[in-house]
> 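Please find one structure pasted underneath; my questions will follow.
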Amino acid sequence: IMKNSLTISGGGSNSNYYVNFGNLDQEGIVPGTELRKTNIMAKAQANLSDNFSSRTSIHFVNTENKQLSEGNGTSQFNFGLINTPISFNVEDQQFEDGTQKMYHPAFNNPNWISDNNNFSSSNDRFIANQQLQWDPISWLTLSERIGLDTYVDTRKKRTNIGTRGE
């Protein structure tokens, strides 16, 4: 796991700001699996007068994920791993024609599955909000808040020809 972040913040008597950049890069324990996440956040607050203030926040997150199919079907990584004896070399995955080498015709080679069948997802999320606050008199505060939370989620499944159980 590699995780990095950079934060910058500051301000004065009437305003302040905060900016953060973060990155996560994680390789899975199964070959071909990984998680990558990048986020950027910025916040600012300002007292525009003695009784009027503004707060703004924006946040963007990108998440990229490569994973294997889960469950107990014959096309699953774990199913092939459990049903393959330790005497069978799973590293020797395929013949010259590209078809997989299997211990038994009913069970997929687990390493061939990790290299040829996977799920990938990409998610871009954007969150923003704004608050205006007015204190016309000491015992009364009026606030207006507006926000947005939206995302784009793309998912793909890849299954190679020759996979058993699909």
> Looking at every non-hydrogen atom in both residues, tell me the closest pair between Pro31 and Ser114 and how far apart they are.
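Closest pair (atom of Pro31, atom of Ser114, distance): O-CB, 3.3 Å.
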> Would you say the side chain of Phe60 lies within less than 4.5 Å of the side chain of Asn62, judging by non-hydrogen atoms?
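Contact flag for Asn62/Phe60 side chains = yes.
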> Just checking, any donor-acceptor pair under 3.5 angstrom between side chains of Asn65 and Gln67?
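Indeed, the side chains of Asn65 and Gln67 share at least one donor-acceptor pair under 3.5 Å.
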> Looking at Asp153 and Arg125, does any basic side-chain N land under 4.0 Å from a carboxylate oxygen?
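Judged by the 4.0 Å cut-off on N to carboxylate O distance, Asp153 and Arg125 do not form a salt bridge.
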> Answer whether the closest heavy-atom distance between the side chains of Gln45 and Tyr18 falls below 4.5 Å.
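Gln45 vs Tyr18: side chains apart.
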> Determine, stepwise, if the pair Leu35 / Thr63 fulfils side-chain contact (heavy atoms from CB on, under 4.5 Å).
CA-CA 7 Å; Leu35 172 67; Thr63 305; 3.7 Å; yes
> Taking C-beta and beyond as the side chain, do Trp112 and Asn160 meet within less than 4.5 Å on heavy atoms?
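Yes, side chains in contact.
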> Which is it for Ile113 and Gln76 under the side-chain contact (heavy atoms from CB on, under 4.5 Å) test, yes or no, and what are the steps along the way?
CA-CA 7 Å; Ile113 289 289; Gln76 314 309 316; over 6 Å; no
> Please output the side-chain donor-acceptor pairs of residues 127-136 that fall under 3.5 Å, not counting sequence neighbours, one pair per line with the distance.
| unit_1 | atom_1 | unit_2 | atom_2 | d |
| --- | --- | --- | --- | --- |
| Gln130 | OE1 | Thr56 | OG1 | 2.5 |
| Gln130 | NE2 | Ser54 | OG | 2.8 |
| Gln130 | NE2 | Arg55 | O | 3.3 |
| Gln131 | OE1 | Arg145 | NE | 3.1 |
| Gln131 | NE2 | Gln133 | OE1 | 3.2 |
| Asp135 | OD1 | Thr141 | OG1 | 2.9 |

> Testing the basics here: between Phe88 and Met102, what is the closest heavy-atom pair and its distance to 0.1 Å?
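Taking Phe88 first and Met102 second, the nearest heavy atoms are CZ-C, 3.6 Å.
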> Is there a side-chain contact between His104 and Asn83, using heavy atoms and a 4.5 Å cut-off?
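No - every pair of side-chain heavy atoms lies 4.5 Å or more apart.
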> Side-chain donor-acceptor pair under 3.5 Å between Thr159 and Asn117, yes or no?
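Distance-only check fails for Thr159 and Asn117.
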> For Gln93 versus Asn111, what's the shortest heavy-atom pair and its separation?
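Heavy atoms of Gln93 and Asn111 come nearest at OE1-O, 3.4 Å.
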> What is the minimum heavy-atom distance between Phe21 and Thr38, and which atoms define it?
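Between these two residues, the closest heavy atoms are CE1-CG2, 3.6 Å.
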> Find out whether Lys101 and Asp92 are in side-chain contact, i.e. whether some heavy atom of one side chain is under 4.5 Å from a heavy atom of the other.
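A side-chain contact under 4.5 Å exists here.
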> Within the structure provided, determine whether Thr163 and Asn116 are in side-chain contact (heavy-atom separation under 4.5 Å).
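The answer is no; the side chains never approach within 4.5 Å.
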> Quick one: are Asn20 and Asn39 in side-chain contact, heavy atoms under 4.5 Å?
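The answer is yes; the side chains approach within 4.5 Å.
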> Any chance you could measure Leu142, atom CG, to Glu144, atom CD, to the nearest 0.5 Å?
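Answer rounded to 0.5 Å: 10.0 Å.
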> Hey, what's the ring geometry for Phe107 with Phe79, parallel, tilted or perpendicular (30° and 60° as the breaks)?
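Plane angle between 30° and 60°, so tilted.
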> Side chains of Val61 and Tyr151, heavy atoms from C-beta outward: is any pair under 4.5 Å?
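Sidechains of Tyr151 and Val61: no contact.
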> Looking only at non-hydrogen atoms, find the nearest pair between Ser13 and Asn47 and report the distance.
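Heavy atoms only, the tightest pair is O-ND2, 4.5 Å.
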> Minimum heavy-atom separation for Gly11 to Tyr17, with atom names?
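Smallest heavy-atom distance, with atoms named: N-CE2, 3.9 Å.
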